[in-house]
Amino acid sequence: MKAIINGKIYTMAGEVIEKGSVLIADGKIKAVGADLEIPAGAEIIDAEGMVVFPGIIDAHTHLGIGEDGLGWEGRDYNEMSDAVTPHLRAIDAINPRDEGLKNAYLNGVTTVMTGPGSANVLGGESVAIKTYGRTVDEMIVKNPVGIKAALGENPKSVYGKQNKSPQTRMAIAALLRENLLKAQDYLAEKEEKEKKGDLFKRDLKMESLLPVLKKELPLKAHAHRADDIMTVIRIAREFDIKVTLEHCTEGHQIAEEIAQSGFPAIVGPTLTGKTKVELADRGFNTPGILAKAGVRVAIMSDHPVVPTENLPIYAALAVKEGMPEEETLKAITINPAIILGIEDRVGSIEAGKDADIVIFDGHPLNIQSKVKGVFINGERVL
């Protein structure tokens, strides 16, 4: 058993405990509180004068698939040969030895969502993983967490250059609708034949979309511009499916509409240049405006676009631009956990959850604060 004692604990599940302890055993948090009795023989980690924080969660990356320092050889997140590839699985491309994963956990980012890029209208399955482990199979938190979709500039650019469809926003939306309709027909035929005991020829692409139709998984929809965001919302209503709004760069322009939709927003990457038309109105004010409108917000890095290890800095810049501090802390802990459907395991310091804990020598959003300790599944990795 391990005991982190005397720290200022941000549980992200209630009030801050000014001088508290966390008990860890068998990879889980056994107890947290101000007056815990420390069992004899427990390994003591004294966090006097420090901040104890949940493991940070990055809700949108390409870690392990877009590997650091390898150039084209490490870029496995965009299959640019077919605009419709919902059957691709991130787990099959993740290299747990990616240097980016190590940099993540050394800086307190203990869980990430990683998945396909935005070249295709339907890109494949994304997965939530811990950033530390020998094999991807042991790093899995939840697989899959959603099916990647993409609207706007990226699919237009990729397939326009190949003189293939889609070359317009109309074609992107039409392809998305067409494949959701195909999946509906496929599901109806499958259920009918299974009821009769007849043989049924399975289609891997369609099988991948069935959890979306059944609202078991969301479409993780890449959309920067406000009009693309509204197209996502419109299609989600048409087919009665769940979506997460990924990037949501112009979300502040339609914050009320997004709030009314009930869909969460994973905002970023914002510490970039305005390298394409869709980023013309990007700014760190977006997550705060959305949060104040009632949208559940997570802040992302989109690693390797900007490094995931600096996620607290991106969050701090959102505070600078008006996002309430408490909401910002949620945006890198419990909110991404809820959005990814893994809040039963990570995102806060509560009894029964995975012992993913970070010790800082100052406030997590202070750029000068250093990470002094990292625990993943109860194992000290820093």
Check: Mind checking whether Met113 and Ile57 have side chains closer than 4.5 Å, heavy atoms only?
Finding: no

Checklist line | Straight-line distance of Asp354 CG to Phe375 CZ, nearest 0.5 Å | finding: 14.5 Å

Notebook entry, point to check: Would you call Glu257-Arg237 a salt bridge at under 4.0 Å N-O?
Noted result: no

Next item on the list: Give, for atom CZ of Arg380 and atom CD1 of Ile359, the distance between the pair rounded to the nearest 0.5 Å.
Entry: 5.5 Å

Next item on the list: Apply side chain to side chain contact (heavy atoms under 4.5 Å, CB included) to the pair Tyr132 and Val374, showing each step before the final yes or no.
Entry: CA-CA 11 Å; Tyr132 179 83; Val374 179; over 6 Å; no

Margin query: Pairing donors with acceptors under 3.5 angstrom, does anything connect the side chains of His222 and Glu246?
Written below: no

Check: So, are Arg75 and Glu67 salt-bridged, with charged N and O less than 4.0 Å apart?
Finding: no

Next item on the list: Report yes or no: do Asp76 and His62 form a side-chain donor-acceptor pair below 3.5 Å?
Entry: no

Notebook entry, point to check: What do the steps show when you test Val145 against Val127 for side chain to side chain contact (heavy atoms under 4.5 Å, CB included), and what is the final call?
Noted result: CA-CA 5 Å; Val145 293; Val127 58; 5.6 Å; no

Next item on the list: Flag the pair Asp198 and Lys196 as a salt bridge only when some basic side-chain nitrogen lies within less than 4.0 angstrom of an acidic carboxylate oxygen.
Entry: no

Notebook entry, point to check: Is there a side-chain contact between Ile338 and Arg296, using heavy atoms and a 4.5 Å cut-off?
Noted result: yes

Next item on the list: Using a strict 4.0 Å threshold on nitrogen-to-oxygen distance, state whether Lys19 and Glu48 make a salt bridge.
Entry: yes

Next item on the list: Check whether any side-chain heavy atom of Leu181 lies under 4.5 Å from a side-chain heavy atom of Phe239, and answer yes or no.
Entry: yes

Next item on the list: Taking only Lys NZ, Arg NE, NH1 and NH2, and the carboxylate oxygens of Asp or Glu, determine whether Lys370 and Asp361 approach each other closer than 4.0 Å.
Entry: no

Check: Is the shortest side-chain N to carboxylate O distance from Lys193 to Glu189 below 4.0 Å?
Finding: yes

Check: Roughly how far apart are Lys190 NZ and Asp203 CG, rounded to 0.5 Å?
Finding: 10.5 Å

Checklist line | Test item: Asp26 side-chain N/O and Lys28 main-chain N/O as donor-acceptor pair under 3.5 Å | finding: no

Check: Between Arg225 and Asp281, does at least one N-O distance fall below 4.0 Å, as a salt bridge requires?
Finding: no

Checklist line | Any donor-acceptor N/O pair, Ser369 side chain to Pro364 backbone, under 3.5 Å | finding: no

Checklist line | Derivation of the side chain to side chain contact (heavy atoms under 4.5 Å, CB included) call for Val16 and Lys8 | finding: CA-CA 7 Å; Val16 175; Lys8 182 175 183 178; 3.8 Å; yes

Note to self: Checking Thr61 against His303 for the side chain to side chain donor-acceptor pair (under 3.5 Å) test, could you report, in this order, the C-alpha distance in whole Å, the side-chain angles of both residues, the deciding distance, and whether it holds?
What the structure shows: CA-CA 5 Å; Thr61 79; His303 186 103; over 6 Å; no

Notebook entry, point to check: Hey, would you say the His363 and Tyr10 ring centroids sit under 6.0 Å apart?
Noted result: yes

Notebook entry, point to check: Do the side-chain N and O atoms of Tyr159 and Asn120 include a donor-acceptor pair separated by under 3.5 angstrom?
Noted result: yes

Notebook entry, point to check: Does the side chain of Thr244 come under 3.5 Å of the side chain of Lys220 through a donor N or O and an acceptor N or O?
Noted result: yes

Margin query: Using the rule given for side chain to side chain contact (heavy atoms under 4.5 Å, CB included), can you reason through Asp228 versus Glu278, listing the C-alpha separation, both sets of side-chain angles and the distance that settles it, and then say yes or no?
Written below: CA-CA 10 Å; Asp228 289 326; Glu278 291 177 341; 3.9 Å; yes

Note to self: Would the distance check show the side chain of Glu309 and the main-chain N or O of Ala104 forming a donor-acceptor pair, the cut-off being under 3.5 Å?
What the structure shows: no

Margin query: Tell me every residue that passes side-chain contact (heavy atoms from CB on, under 4.5 Å) with Ala315, counting only those two or more places apart in sequence or in another chain.
Written below: Ile299, Thr328, Ile332, Leu365

Margin query: Using the rule salt bridge (Lys or Arg N to Asp or Glu O under 4.0 Å), only one of Asp58, Asp356, Asp137 pairs with Lys130; which is it?
Written below: Asp356

Note to self: I'd like to know whether the aromatic ring centres of His60 and His247 sit less than 6.0 Å apart in this structure.
What the structure shows: yes

Next item on the list: Check for a donor-acceptor pair, side chain of Glu321 on one end and backbone N or O of Leu317 on the other, with a separation under 3.5 Å.
Entry: no

Note to self: Check whether Lys30 reaches the backbone of Lys2 with its side chain - one donor and one acceptor, N or O, closer than 3.5 Å.
What the structure shows: no

Check: Between Glu153 and Lys156, is there a salt bridge with N-O shorter than 4.0 Å?
Finding: no

Margin query: Check this for me: does any side-chain nitrogen of one of Glu178 and Lys182 sit under 4.0 Å from a carboxylate oxygen of the other?
Written below: yes

Next item on the list: Decide yes or no for Met323 and Phe284: does some side-chain heavy atom of the first lie under 4.5 Å from some side-chain heavy atom of the second?
Entry: no

Check: Is a side-chain donor or acceptor of Asp344 paired with a backbone partner of Lys353 at a separation under 3.5 angstrom?
Finding: no

Note to self: Looking at Thr110 and Tyr105, would you say the former's side chain and the latter's main chain have a donor-acceptor pair under 3.5 Å?
What the structure shows: no

Next item on the list: Could you tell me whether the side chain of Thr270 and the main chain of Tyr314 form a donor-acceptor pair under 3.5 Å?
Entry: no

Next item on the list: Could you tell me whether a side-chain N or O of Lys148 sits under 3.5 Å from a main-chain N or O of Pro116, the two making a donor and an acceptor?
Entry: yes

Next item on the list: State whether the side chain of His87 and the backbone N or O of Lys205 hold a donor-acceptor pair below 3.5 Å, judged by distance alone.
Entry: no

Check: Can we say Lys102 and Glu99 salt-bridge, meaning some charged N sits less than 4.0 Å from an Asp/Glu carboxylate O?
Finding: no

